Every structure is written in structure tokens, then in C-alpha cells.
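Notes follow the structure.
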Amino acid sequence: MAQKPSIPKGTRDFGAVEMARRNYIFDTIKEVFTLYGFSQIETPAMENISTLMGKYGEEGDKLLFRVQNSGEKAALAPEKGLRYDLTVPFARYVVQHREEISFPFKRFQIQPVWRADRPQKGRYREFYQCDVDVIGNDSLVSELELIQIVEEVYRRLGIRVCLHLNNRKVLAGIAEVIGAPDRMMDITVAIDKLDKIGLEAVNGELLERGLNAEQVAALQPILQLSGTTAEKLTALRSILRESETGLKGVEELEEVFRLTGAAGLTGEADPTVKNEVNRALVAKKRSYSESGLSIELDLCLARGLNYYTGAIFEVKALDAQIGSITGGGRYDNLTGIFGMPGVSGVGISFGADRIYDVLTELNLFPESLQSHTRVLFTTFGQDELMMALRWAKALREAGIPTEVYPEPTKMKRQMGYADQKHIPWVAIIGGDELSQEKVMLKNMTTGEQQLISLEQLVTTIQ
RNA sequence: GUGGUCUUAGCUCAGUUGGCAGAGCAUCGGAUUGUGGUUCCGAGUGUCGUGGGUUCGAGCCCCACAUUCCACCCCA
């Protein structure tokens, strides 16, 4: 080979171990989605470029991968692009198939998306999103369901998370009351950085973005809002009393918190719980009932995508610093762009790649993912190998994942194979066993072994 | 898109002022021909990211490209 082959920047191969782990994440998420009555769909990797353009803001357009035309049209402007997320293609899907869909439509979708972003750790050019959306109703119960799904998924995965909740109407209201109704985006982009760069720097950026000193001053009580959720909401109600939109947003937030309370989700963060506790609970087959979810009203949460109009969420792992691992919100009129106005939807997206990194960092992947094989047959000769093949067939018919070491080589090698794959049982067949129609079954954890028949073997390892 | 950074054995990484290419782990063989994970002994492995340049001589200096990661920007 003259030169080692490679793959494009920001893309990855997934090896066998990696795939087992990724499937663990996808399977967990799928199971929970299904539990709440969502059904799966898929859409093409490519969409018409007109479907994608202008849906993600100015920045988003720059990050779109364009697909060059082939043949005679090669020189023309691209007509197709790789999908940037799953929400816009879903909106397109709903409009296109509106006659076949009954609302509210609850769907989930697990597929890769592509962004021409500059890669970093946990940021790729090709990555998977796991989207779950309810479209066609505006009840806040849908918001609740999504929050319940977040709680359930992360409880099953054993990750402690905090769900940050905000509302675009509140942000719009804030912009209104400080006398800058058209500057909502500038304001939110700046205050989004509060916990990262601090109050002073945020104020500096607000001024830089063209707000006047008076407006920045008016924003201070909001930026420094603290206390319990109830206290924050009361304060907000007073601050936003002049803004109809803002008050509507506060009402929606209150309703969501009322619903999560009714559904038994705690709501407030409990910083005393340590990850050690969580890991211990995971070891106990995730049988704990305590919720790993805390919900925080976070007025600094903005989210870049400009189609959100109501609730917005973002989920962060408490024990890993990797940014947001799940995010979403309500969009009142996404399908309007495709000619179907008045359909409200709400959805969230789980970032599988980042969840993978969190599970790796916290060492939370179950050991059992390595191999499903329950028993390995090891042999000393051809006759024994033939017997092993017959027995293995019987075990597989009984539903037991079984392997036969393919050649009667040194026992050290055969045992080593079982050890490396963490296979819990080894069935050894030599001359004695062959003549007695029995195997020497060894428990690889305890080292104990016993001479047993096929029937006994099945019941022992089943 | 702007600025920076990384790339050496399968993996993680040393490598001095420019002077014979190194370690740990993993792998393989043996101690032990019917018993793994522990121990001991032994062995192999390199287009030093790619292409060019400077030099008697380049892993090391210079240029270009690719890649990794980081800070902006934005985001899962």
C-alpha cells in the first residue's frame, strides 16, 4: 500500500466493541420511546437544498453540506444537501404525508446528520441524533412527556443530569420590556454565556451588540435572578407585567412545572448525590426508583435554532464536562414554511455520540456488552471436536449462545480465548469425556469444575 | 470561517544541541504436551502523518497539504 487510506475529517469508523456500546445506547433510547407510544420513521440522507436553506439561521446555512450534481448538471448550483438535523426533514415529512397521518403524531427517528463544522472532541461532522417529537397539538402535556422520557432514558443509562428549561416567549418578553423587542437574538446569544464568561463580560458583549447602557441596566435584575423555581417565576411575572407575550411564557413555564410535579418529578437539583451512588445503583441492575433528573429554570438558556417559539430544553450531564447531551423545544409553525400553517410541535434530540463519551468517561457501560457467549467448547482431538459440534447444536437449539473453539490446539490457548472474551463457562472434552458422553464443565469465575451430561449442562448454564 | 496545537511500534507515549529508532502495555514463543485470568524467561514489530526543501547528515530546522485536539463562532 503506497499510502494509508483514511476517512474525511470529522468522521469515524465504529469497531465491534464500539458498535456494541452504541447499540446499547440506541436500544435503551428506542425502548423508552416505544414505551411512550412513539413510532419510528426514516428520511433520506439527502434533502432538496431548498428544504434545508434558511431553516437554521445564517450560521446554519454555512454549515450545510451541499451535494454536487452529477452528469450534465455538474456545473450548476447544488440542488441537494445532506440533512443538518432530523426536525426539518420531519416537518417536511409531515407536510408531504399529511393525508396519511393522524394527529397528534408521535414519531422518533435515529439517523446520522452532517454539519460542516470544525471538529473537536465530542463535535463531529457526521453524528447521530435520536429525535422524538409530538406534532399536531399544543398541550403542554407533550412537554411533560418529553421530560419524562429524558428522565427515564438517563435513569436507565445511569447518568445524572440536569434539565435546563426556559421559554422563548419569556425571552421575547424580556427583550420587549427593556425596550429592544427586535434584539432578542442578540440578547439571548450574549446571556447564554453567563456561567461561562461572567456577568461583566456578558454586559460588555451586550453593549458591543448595540444595546444601550439603559437597556443593559434594565437587564441586570433578570440576569441576577436567583432562588427557587417558584421565587424566580414570581419575580419574572412582576418584571414582565407589561409584556403579554412574556406573561404567556411565564404561564407556560408554570404549567410545565405543575405537570412535572404532578408526574412525580422532583424539579429541584440535589447536589448532594454523588456519582458513586449512581454507579452502585446501576450495578444493582438499575432497579432504583429515585429519579436522577433535576429541573432548573434557566433564563440564560437560549438555543440557536430560530424555529423555537415556546419551551426550550437542554440537558447536561452533572458528572462530565462535555456540554449539552440532549436539547429541544417547541416550534409553533415549522410546517408553515412548507405550506401547512398552524401545526404546533415539540421535540427533543438525544446526542448519541456525546452520551457515548459521557458513559465512557464515567465508566458506566455494562460489562456484559463484550460478548453474549455463555459457553465455549474446548477439545483435545478431532473426535472430541466432532462431539463438541453436536453438543453445541443442541445448546443453541435451547437458546444458549455457544462457541466451539475451531481446532483442538493447546488448552492454554483455548482457555485464554474464553478468558479474553469473558465467557463464563468452558466445556472441556478429552478422551475420558468422549467415552463417557459427558463434558468437564468449568466455571471461569470460581474455577470449579464437574463432569456432567448434556441435560445437566443445559440446566446449569441456562 | 479566524487563530493556535498534535501526529514516532497494534495501543499509550519518551526521544537532549541535527549524529546507529526507544520504553510500558498488547501480541507471539517458552517455563507448564488435560486447564485461563497472577508470576518468570525470551522474541518480533517502524516509509518517525504525506510531499518537497536546507544539510556531509533530519524524528528534530524550513515550506505546503492532511489529520487530531483547543480557543473564538456556533452546536449534539
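Every chain is numbered from 1, with letters handed out A, B, ... down the list of sequences. What you see is a predicted model; the values in this text were computed from it and never measured.
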(request) Summarise how protein sits on nucleotides 3-9 of chain B as a single string, 5' to 3': B when a protein heavy atom is under 4.0 Å from the base, S for sugar-phosphate-only contact, - for no contact. (result) B------
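- Counting heavy atoms from C-beta outward, A:Tyr405 and A:Thr379 have side chains that stay 4.5 Å or more apart.
- Note on A:Arg21 versus A:Glu18: no salt bridge recorded, every NZ/NE/NH1/NH2 to OD/OE distance being 4.0 Å or above.
- By the 6.0 Å contact criterion, CD on A:Glu58 is open, its count of non-hydrogen atoms from other residues, nucleotides or ligands being 12 or less.
- One atom, CG of A:Asp61, and another, C1' of B:C74, lie 13 Å apart when rounded to the nearest Å.
- Nucleic acid contact for A:Thr378: none, since no nucleic acid atom lies under 4.0 Å from a heavy atom of the residue.
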Listing, residues 322-335 of chain A side-chain donor-acceptor contacts under 3.5 Å, not counting sequence neighbours, or none:
{"residue": "A:Ser324", "atom": "OG", "partner": "A:Thr326", "partner atom": "O", "Å": "3.3"}
{"residue": "A:Thr326", "atom": "OG1", "partner": "A:Tyr154", "partner atom": "OH", "Å": "2.6"}
{"residue": "A:Arg330", "atom": "NE", "partner": "A:Glu143", "partner atom": "OE2", "Å": "2.7"}
{"residue": "A:Arg330", "atom": "NH1", "partner": "A:Asn137", "partner atom": "O", "Å": "3.1"}
{"residue": "A:Arg330", "atom": "NH1", "partner": "A:Ser344", "partner atom": "OG", "Å": "2.6"}
{"residue": "A:Arg330", "atom": "NH2", "partner": "A:Ser139", "partner atom": "O", "Å": "3.2"}
{"residue": "A:Arg330", "atom": "NH2", "partner": "A:Glu143", "partner atom": "OE1", "Å": "2.9"}
{"residue": "A:Tyr331", "atom": "OH", "partner": "A:Asp133", "partner atom": "OD2", "Å": "2.5"}
{"residue": "A:Asp332", "atom": "OD1", "partner": "A:Ser344", "partner atom": "OG", "Å": "2.9"}
{"residue": "A:Asp332", "atom": "OD2", "partner": "A:Thr309", "partner atom": "OG1", "Å": "3.1"}
{"residue": "A:Asn333", "atom": "OD1", "partner": "A:Gly342", "partner atom": "N", "Å": "3.4"}
{"residue": "A:Thr335", "atom": "OG1", "partner": "A:Met340", "partner atom": "O", "Å": "2.6"}

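- Atom pair A:Asp117:CG and B:C69:P shows a separation of 13 Å (rounding to whole Å applied).
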(message) Walk along nucleotides 27-39 of chain B from 5' to 3' and tag each nucleotide B, S or - by protein heavy-atom contact under 4.0 Å, base first, then sugar-phosphate.
(response) SSSS---BBBB--
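- Comparing A:Thr11 and A:Ile325 by the nucleotide of RNA chain B that holds the closest heavy atom to each, the one mapping nearer the 5' end is A:Thr11.
- In terms of heavy-atom proximity, A:Glu205 sits nearest to A:Lys193 at OE2-NZ, 2.8 Å.
- Rounded to a whole Å, the CZ atom of A:Arg123 is 11 Å from the C1' atom of B:C70.
- More than 12 heavy atoms of other residues, nucleotides or ligands lie within 6.0 Å of CD in A:Gln456, so this atom counts as buried by the packing criterion.
- Although no hydrogens or angles enter the test, the distance criterion places no donor-acceptor pair under 3.5 Å between the side chain of A:Asp61 and the main chain of A:Tyr56.
- Among all heavy-atom pairs drawn from A:Pro424 and A:Thr373, the shortest one is CD-O, 3.4 Å.
- Using atom C1' as the reference point in both B:C65 and B:C73, the two lie 25 Å apart (nearest Å).
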Counting only pairs under 3.5 Å, give me each side-chain donor-acceptor contact of residues 427-435 of chain A, with atom names and distances, residues two or more places apart or in other chains.
{"residue": "A:Glu433", "atom": "OE1", "partner": "A:Gly430", "partner atom": "N", "Å": "2.9"}
{"residue": "A:Ser435", "atom": "OG", "partner": "A:Gly431", "partner atom": "O", "Å": "3.4"}
{"residue": "A:Ser435", "atom": "OG", "partner": "A:Asp432", "partner atom": "O", "Å": "2.8"}

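- A:Lys316 comes within 4.0 angstrom of no nucleic acid atom, judged by non-hydrogen atoms across all strands.
- Looking at residues two or more places apart in sequence or on another chain, you find a salt bridge (Lys or Arg N to Asp or Glu O under 4.0 Å) between A:Glu403 and A:Lys421.
- Remark: P of B:C75 and NZ of A:Lys55 are 17 Å apart, rounded to the nearest angstrom.
- Taking atom CD1 of A:Ile25 as the reference point, atom P of B:A76 lies 17 Å away to the nearest angstrom.
- The closest side-chain heavy-atom distance from A:Phe365 to A:Ile25 is below 4.5 Å.
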(request) Dump the intermediate steps for ring pair (Phe, Tyr, Trp, His ring centres under 6.0 Å) on A:Phe108 and A:Phe38, then the final yes or no. (result) CA-CA 6 Å; A:Phe108 74 93; A:Phe38 289 79; 7.6 Å; no
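- One P atom belongs to B:U33, the other to B:C69, and the distance between them is 48 Å to the nearest Å.
- For the P atom pair drawn from B:G42 and B:A23, the interatomic distance equals 13 Å after rounding to whole Å.
- The C1' atoms of B:A76 and B:A9 are separated by 36 Å, rounded to the nearest whole Å.
- Residue A:Ser324 is in sugar-phosphate contact alone, with no base atom involved, counting any heavy-atom pair closer than 4.0 Å across all strands shown.
- Atom CD1 of A:Ile7 and atom P of B:U67 are 10 Å apart (whole Å).
- The existence of a salt bridge linking A:Asp353 and A:Arg22 is confirmed by a sub-4.0 Å separation between a basic side-chain nitrogen and an acidic carboxylate oxygen.
- Counting to the nearest Å, the C1' atom of B:C73 and the CD atom of A:Gln120 are 10 Å from each other.
- In this model, the phosphate group of B:U67 is approached by a side-chain N or O of A:Lys9 to a distance below 4.0 Å at OP1 or OP2.
- In this structure, A:Arg125 places its CZ atom 14 Å from C1' of B:C74, rounding to the nearest Å.
- The C1' atoms of B:C48 and B:A43 are separated by 23 Å, rounded to the nearest whole Å.
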(message) Can you give me the dot-bracket string for RNA chain B, 5' to 3', counting Watson-Crick and G-U wobble pairs with both distances under 3.5 Å, using [ ] for crossing pairs and | for partners on another strand?
(response) ((((..(..((((.....[..)))).(((((.......))))).....(((((..]....))))))..))))....
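- Comparing the P positions of B:A71 and B:C62 gives an interatomic distance of 26 Å, to the nearest angstrom.
- Among the heavy atoms of the strands lying under 4.0 Å from A:Gly10 are primed sugar atoms or P, OP1, OP2 only; no base atom is included.
- Ring-to-base geometry does not place A:Phe350 in a stacked arrangement with B:A76 (centre distance under 5.5 Å, plane angle under 30° required).
- Separation of the P atoms belonging to B:U35 and B:C20 is 48 Å when rounded to the nearest angstrom.
- Spacing of C1' atoms, B:G37 relative to B:C61, comes out at 50 Å, to the nearest Å.
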